[in-house]
Amino acid sequence: MTNSSPRGTALITGASSGIGAIYADRLARRGHDLILVARNKARLDDVAKKITAETGRYVHVVVADLGNKDDLARVENILRTDSSITTLVNNAGFGSVAPLLQADIDKMEDMITLNVTALTRLTYAAAPAFVERGQGNIINIASIVAIGPEILNGVYGASKAYVLALTQSLHHELGDKGLRVQAVLPGATATEFWEISGMHHSNLPESMVMHSDIMVDAALAGFDLGETVTIPPLHDGDAWNSYEASRRALSQQFAHSTPGARYLPAN
């Protein structure tokens, strides 16, 4: 694929609908060519045709199931070899609202495969090339359950906590080498996520549910502000800054060769 855009190409996973399709639209309007990845070819083609007609950007469609090792390897290879790619949006994933003891363990394993393993492998495919070129962007779609694991299914929360931690680590290790990373933590968003998870978003209070286009626009505004972590539904940005400062301060209290006094035998 040749780079016909000065903004480069954005590869977006889970791009056939919802948040991924909106990212595709918005990044095309910002001047990016696109590589759209998802399982549903008909939907991908519809998204591609609409974006090309409205923006004139080049859109390449890749039909792939990122839960399948061979399909995942194909997308990894694209990220490693296509020098036009400047942005990776790791959006593919799914969740669950089922309590832990009522959840299907095979579905939980599939969730980990997609939300954690696939995202990690795609990140490892893209990051070295971005660092070598001295620039590149990785946007990871996490969730507010990354910091509120009690809200929904625990495996889903754990998978998104991983995404948040990986993003923060990438920023720490590679941020000064030209890699821009962002974790986006949506709250309840009006997408097919809820139906797939086992509950329609119409069952939630309307005041809690953000329209998906508004969420993506807010996330891109956070990216433009240089945020590593963007939480669109959080109105008080200083609350996150205080939380993060407290976390960092706490992490500096772990370098001791002896346990805390509360763990020592009583005299």
Side-chain angles (χ1 to χ4, degrees), residues 88 90 93-128 130-132 134 136-187 219 222-223 225-267:
L88 166 64
N90 276 315
F94 69 93
S96 173
V97 299
L100 284 172
L101 296 184
Q102 297 175 24
D104 183 325
I105 184 59
D106 291 328
K107 290 183 179 178
M108 297 300 98
E109 184 178 11
D110 290 344
M111 185 192 303
I112 293 168
T113 297
L114 185 58
N115 293 9
V116 174
T117 304
L119 179 143
T120 302
R121 293 195 66 91
L122 295 180
T123 297
Y124 267 68
F130 290 167
V131 169
E132 183 178 353
N137 311 304
I138 297 177
I139 298 172
N140 292 324
I141 307 302
S143 167
I144 58 168
V145 300
I147 53 177
E150 305 86 358
I151 296 173
L152 292 177
N153 173 274
V155 176
Y156 176 57
S159 73
K160 293 304 185 178
Y162 174 90
V163 173
L164 174 60
L166 178 66
T167 303
Q168 291 174 308
S169 180
L170 286 167
H171 173 70
H172 172 71
E173 292 192 18
L174 302 176
D176 62 352
K177 295 177 171 59
L179 181 66
R180 278 285 316 278
V181 292
Q182 179 196 30
V184 179
L185 279 59
F223 184 83
L225 289 170
E227 293 182 347
T228 302
V229 178
T230 296
I231 311 175
L234 179 64
H235 284 207
D236 182 3
D238 287 338
W240 169 258
N241 294 335
S242 296
Y243 174 90
E244 181 65 3
S246 295
R247 181 193 68 79
R248 288 175 176 268
L250 180 64
S251 71
Q252 299 303 309
Q253 299 182 40
F254 302 150
H256 297 283
S257 61
T258 57
R262 64 195 178 282
Y263 303 126
L264 298 176
N267 292 330

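Side-chain contact check for Thr123 versus Val181: every heavy-atom pair is 4.5 Å or farther apart. The closest side-chain heavy-atom distance from Tyr162 to Thr120 is below 4.5 Å. A heavy-atom distance below 4.5 Å is found between the side chains of Leu119 and Leu166. Residues Asn153 and Val97 have side chains not in contact (no heavy-atom distance under 4.5 Å, counting atoms from C-beta outward). Side-chain contact between Ile141 and Pro186: present, with at least one pair of heavy atoms (C-beta onward) separated by less than 4.5 Å.
Note on residues 101-127: pairs passing salt bridge (charged side-chain N to carboxylate O under 4.0 Å, His left out), not counting sequence neighbours, are Glu76-Arg121.
Distance check: Ile151 CD1 to Ile144 CD1 gives 4.0 Å after rounding to the nearest 0.5 Å. Rounding to the nearest 0.5 angstrom, the gap separating the CG atom in Leu225 from the CD atom in Gln182 is 9.5 Å. A distance of 4.5 Å separates CG in Leu179 from CD1 in Ile138, rounded to the nearest 0.5 Å.
Side chain of Asn137 to backbone of Arg180: no donor-acceptor contact under 3.5 angstrom is found. Looking only at distances, a side-chain donor or acceptor of Ser159 sits under 3.5 Å from a matching main-chain atom of Tyr156. Using modelled atom types, no side-chain atom of Asn140 and backbone atom of Leu164 make a donor-acceptor pair closer than 3.5 Å.
No more than 12 heavy atoms of other residues, nucleotides or ligands shown are found within 6.0 angstrom of CD on Glu132.
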